[in-house]
Student: 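Sharing a structure with you now.
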Amino acid sequence: MLDPKLYRENPELVREGLRRRGASFDLDGLLRLDEEKRVLGAELDGLKAERNAASESIARLKREGGDASSAIEQTRTTGERIKELQARYDVVETQARELALLCPNLPHASVPDGKSSADNRVAATWGTVDADREVPDHLEIGRKLKLFDFERGAKLSGSGFPIYTGMGARLERALINFFLDTHVQRHGFTEVAPPYLVGRQAMIGTGQLPKFEEDMYRCDSENGDRDRDLFLVPTAEVPVTNMHSDEILDAATLPISYCAYTACFRREAGSWGADTRGFLRLHQFNKVEMVKFAHPDKSWEALEDLRGHAEALLQMLELPYRVLELCAGDMGFGAAMCYDLEVWAPAEKRWLEVSSVSNFVDFQARRANIRCKSEGKTRYLHTLNGSGLATPRVLVALLEHHFTDRGTFRVPAALRPWLGGLEEIAAA
RNA sequence: GGAGAGGUGGCCGAGCUGGUCGAAGGCGGCGGUUUGCUAAACCGUUGUAGGGUCUUAACGGCCUUACCAAGGGUUCGAAUCCCUUCCUCUCCGCCA
């Protein structure tokens with residue numbers, strides 16, 4: 001959510017940000033509703049003040065043993081007008097809030113212009129890419145080494161729900177633990193294990209709702225109360241960020257850094273058909289997420305930290321990657337700035353996104369009402385998050401990149417402690 | 001799942017025979033006095049959000065509204081009465 005003062009006092013700035021994003025949003029409608037809300041609110045406040053004063057004098061009269069019946073009769077009509085006006089105000093207020101929730105965040109000034117992924121800026125590259133190398137793809141490697149079973153997964157749940165088998169399951173678990181332990185032991189994060197189902201309010205807090213409901217798996221409440229629906233988490237960002245909703249944190253405790261593993265569930269409505277081979281796009285996948293709550297003056301440093309933590313994992317896994325600075329038109333709904341980490345997949349001969357690291361500034365904090373306090377001042381804090389990392393595409397790159405001439409998978413040295421020292425996975 | 005108790009400000013806790021209650025008291029926090037330092041004692045202060053207004057503006061001041069789990073109702077007036085929902089605790093049952 002944007003600061004109402006911003007669009008009230010500086011609508012052109014907001015319009016420009018929306019234009020850079022290529023977002024279609026009814027800013028004029030929001031401004032109209034906002035103005036109407038304030039006019040009604042002022043009138044309503046006046047009436048309520050009138051009623052409160054009258055009630056007080058009635059109380060005084062009664063205490064002194066006087067007759068208050070005419071005053072009571074008079075105040076009754078004020079009450080009726082308040083009720084009427086309040087109903088109108090509530091409608092406008094709800095409309096304004098619902099519309100405001102559909103407005104994306106504004107891109108930070110440093111974010112490059114651009115419409116699509118083609119306009120993203122390559123900020124860094126690490127490792128060597130051998131584009132001519134011929135290796136079997138991850139599906140073939142997986143078949144040879146019996147690492148996963150897509151067919152039986154589909155039998156259970158449809159496409160996009162793989163079963164990891166044997167060493168594949170162990171490798172997956174090792175990756176998750178390697179990520180978590182590295183963040184906890186080397187990057188100073190506190191691990192949390194959150195619920196996989198969250199309420200509607202949490203999904204609104206981080207920005208998945210109301211706009212992207214069709215991408216989410218929803219469990220309807222028994223009594224049909226939509227506020228009590230539960231959603232399968234599309235990322236640990238949702239439960240972890242909303243942990244502190246409606247809280248005022250002591251600024252001295254910031255930044256707070258959490259990491260969490262959860263399975264992630266996405267319907268991928270509309271995007272099915274592209275990139276759906278094997279592990280490239282799934283309905284359920286595993287991810288370790290990093291979430292930071294930062295002081296509003298310190299969030300840009302925190303963004304660089306998160307990017308560094310995600311990069312460190314790829315380096316330890318010896319996977320060549322590049323860092324993209326997303327252009328305004330390609331950023332997610334809530335981000336003010338976003339880096340994508342893409343790893344090179346030799347058989348696919350292309351870059352695969354394995355991490356997205358974003359600073360939301362106060363956008364989520366306003367929605368979820370997360371503030372911080374220092375020296376008597378209360379402000380919205382800044383939230384950030386980054387994948388560290390999502391496993392499926394890392395697994396793709398890992399298998400293809402570390403596939404040996406002898407038809408085995410070489411476990412990178414950094415990962416071995418999580419596989420009991422195992423150096424190689426060969427066909428059984 | 002059955003029975004009962006309860007949800008009040010950062011925390012504890014009074015109020016709950018409706019009006020002087022944004023809410024006693026205590027703790028904590030902040031400022032000050034005292035003190036060689038610390039502690040103790042004493043004095044003062046201490047919620048959040050919206051709107052209006054004053055100052056060129058910020059800081060801030062003043063006026064006002066809302067918030068005592070959430071939503072609704074009764075009433076001139078609700079923390080206090082009624083209804084619904086949610087949550088927590090205790091006991092019993094069931095179960096990983």
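Values reported hereafter were calculated over all heavy atoms of this structure, with side chains retained and with hydrogens, waters and symmetry mates removed. Protein chains get the first letters and strands the later ones, always in sequence-line order, with residue 1 at the start of each.
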Student: OP1 or OP2 of rG51(B) sitting under 4.0 Å from any side-chain N/O of R38(A)?
Tutor: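 For R38(A), the contact criterion (side-chain N or O under 4.0 Å from OP1 or OP2 of rG51(B)) is not met.
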Student: Taking a pair as Watson-Crick (N1 to N3 plus N6-O4 or O6-N4) or G-U wobble (N1-O2 and O6-N3), both under 3.5 Å, which stems of 3 or more consecutive pairs involve RNA chain B?
Tutor: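 Expected stems, ordered by start: B:1-7 with B:86-92, B:10-12 with B:25-27, B:28-33 with B:41-46, B:47-54 with B:60-67, B:69-73 with B:81-85.
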Student: Only one of E424(A), E318(A), R410(A) clears side-chain hydrogen bond (donor to acceptor under 3.5 Å, both in side chains) with H402(A); which?
Tutor: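 Checked E424(A), E318(A), R410(A) against H402(A); only one passes side-chain hydrogen bond (donor to acceptor under 3.5 Å, both in side chains): R410(A).
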Student: Quick one: side chains of residues 101-109 of chain A, donor-acceptor pairs under 3.5 Å with protein atoms, not counting sequence neighbours, listed by atom name and distance.
Tutor:
from: N105(A); atom 1: ND2; to: G334(A); atom 2: O; distance (Å): 2.9
from: N105(A); atom 1: ND2; to: F360(A); atom 2: O; distance (Å): 3.3
from: H108(A); atom 1: ND1; to: S110(A); atom 2: N; distance (Å): 3.1
from: H108(A); atom 1: ND1; to: S110(A); atom 2: OG; distance (Å): 2.9

Student: To the nearest Å, give me how far apart CG (L47(A)) and C1' (rG52(B)) are.
Tutor: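 Distance, rounded to whole Å: 15 Å.
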Student: Regarding T75(A), tell me which of base, sugar-phosphate or nothing describes its non-hydrogen contacts under 4.0 Å with the strands shown.
Tutor: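 T75(A): backbone/sugar contact only, no base atoms under 4.0 Å.
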Student: Starting at CZ of R228(A) and ending at C1' of rU84(B), how long is that distance when rounded to a whole Å?
Tutor: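 About 12 Å, once rounded to whole Å.
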Student: Is the F189(A)-H309(A) ring centre distance short of 6.0 angstrom?
Tutor: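 Yes.
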Student: Cation-pi between R200(A) and F231(A): NZ/CZ under 6.0 Å from ring centre and within 45° of the ring axis?
Tutor: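 Judged by the rule (NZ or CZ under 6.0 Å from the ring centre, within 45° of its axis), R200(A) is not positioned above F231(A).
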Student: Round to a whole Å and report the spacing from CD1 of I72(A) to P of rU75(B).
Tutor: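 Value for this atom pair: 12 Å.
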Student: Is the distance between the ring centroids of F148(A) and F279(A) less than 6.0 Å?
Tutor: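 Distance test on ring centres: under 6.0 Å, yes.
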Student: Sticking with atom C1', work out how far rG10(B) lies from rG29(B), rounded to a whole angstrom.
Tutor: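 Roughly 8 Å separates the two C1' atoms.
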Student: Not counting sequence neighbours, which residues clear side-chain hydrogen bond (donor to acceptor under 3.5 Å, both in side chains) with W418(A)? List them please.
Tutor: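 By the side-chain hydrogen bond (donor to acceptor under 3.5 Å, both in side chains) rule, W418(A) matches D181(A).
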Student: Using a 4.0 Å heavy-atom cut-off across all strands, classify K5(A) as base, sugar-phosphate, or nothing.
Tutor: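 No contact.
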Student: Considering only atom P, compute the distance from rC86(B) to rG77(B) and round it to an integer number of Å.
Tutor: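 My reading of the P atoms in rC86(B) and rG77(B) gives 30 Å.
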Student: Tell me the interatomic distance from Q74(A), atom CD, to rG77(B), atom P, rounded to whole angstroms.
Tutor: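 Atom CD in Q74(A) sits about 14 Å away from atom P in rG77(B).
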Student: Whether R60(A) contacts rU20(B) is assessed here as follows: a side-chain N or O lying under 4.0 Å from the phosphate OP1 or OP2. Is that the case?
Tutor: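 Result: no.
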Student: Is the gap between the ring centers of F265(A) and H283(A) under 6.0 Å?
Tutor: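 No, the ring of F265(A) stays outside the 6.0 Å limit from the ring of H283(A), centre to centre.
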Student: With rounding to the closest Å, how many angstrom separate the C1' atoms on rG9(B) and rU45(B)?
Tutor: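 One C1' to the other, the span is 16 Å.
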Student: Sugar-phosphate means primed atoms, P, OP1 and OP2; the rest is base. With that split, encode nucleotides 44-49 of chain B 5' to 3' as B, S or - using protein heavy atoms under 4.0 Å.
Tutor: ---SSS
Student: Does Q74(A) CD have over 12 foreign heavy atoms under 6.0 Å away?
Tutor: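 Open: at most 12 neighbouring heavy atoms sit under 6.0 Å from CD of Q74(A).
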Student: With sequence neighbours left out, what residues match K115(A) under side chain to side chain contact (heavy atoms under 4.5 Å, CB included)?
Tutor: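 Expected list: D119(A).
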Student: Distance alone, cut at 3.5 Å: any donor-acceptor contact between the side chains of Y321(A) and E311(A)?
Tutor: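 Yes.
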Student: What distance do K292(A) atom NZ and T383(A) atom OG1 have between them, rounded to the nearest 0.5 Å?
Tutor: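 Rounded to the nearest 0.5 Å, the NZ-OG1 separation comes to 13.0 Å.
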Student: Could you check, using the six-membered ring where one of them is a Trp, whether F409(A) and H138(A) have ring centers closer than 6.0 angstrom?
Tutor: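 No; H138(A) has its ring centre 6.0 Å or more from that of F409(A).
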Student: Rounded to the nearest angstrom, tell me the gap between atom CG in D225(A) and atom C1' in rU84(B).
Tutor: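 Checked: the CG to C1' distance equals 11 Å.
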Student: Between rG50(B) and rU55(B), how far apart are the two P atoms, rounded to whole Å?
Tutor: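 These two P atoms come out 23 Å apart once rounded.
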Student: In this structure, how many angstroms lie between the P atom of rG51(B) and the CG atom of L40(A), rounded?
Tutor: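 Atom-to-atom, L40(A) to rG51(B), this comes out as 14 Å.
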Student: What is the distance from CD of E80(A) to C1' of rC76(B), rounded to the nearest Å?
Tutor: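 Nearest whole value for this atom pair: 11 Å.
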Student: Report the distance from atom CG of D246(A) to atom C1' of rG10(B), rounded to the nearest whole Å.
Tutor: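 It works out to 15 Å between those atoms.
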Student: Below 6.0 angstrom between ring centroids: does that apply to F363(A) and F333(A)?
Tutor: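 Yes, the ring centres sit under 6.0 Å apart.
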Student: Does OP1 or OP2 of rU20(B) have a side-chain N or O of K62(A) closer than 4.0 Å?
Tutor: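 Answer is no, no contact under 4.0 Å.
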Student: Just to be sure I understand the rule, does R81(A) reach a base, reach only the sugar-phosphate, or reach nothing, if contact means heavy atoms closer than 4.0 Å?
Tutor: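 Here R81(A) touches no strand at all.
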Student: Heavy atoms under 4.0 Å is the rule here; annotate nucleotides 55-72 of chain B 5' to 3' with B where the base is hit, S where only the sugar-phosphate is, and - elsewhere.
Tutor: ---------SSS------
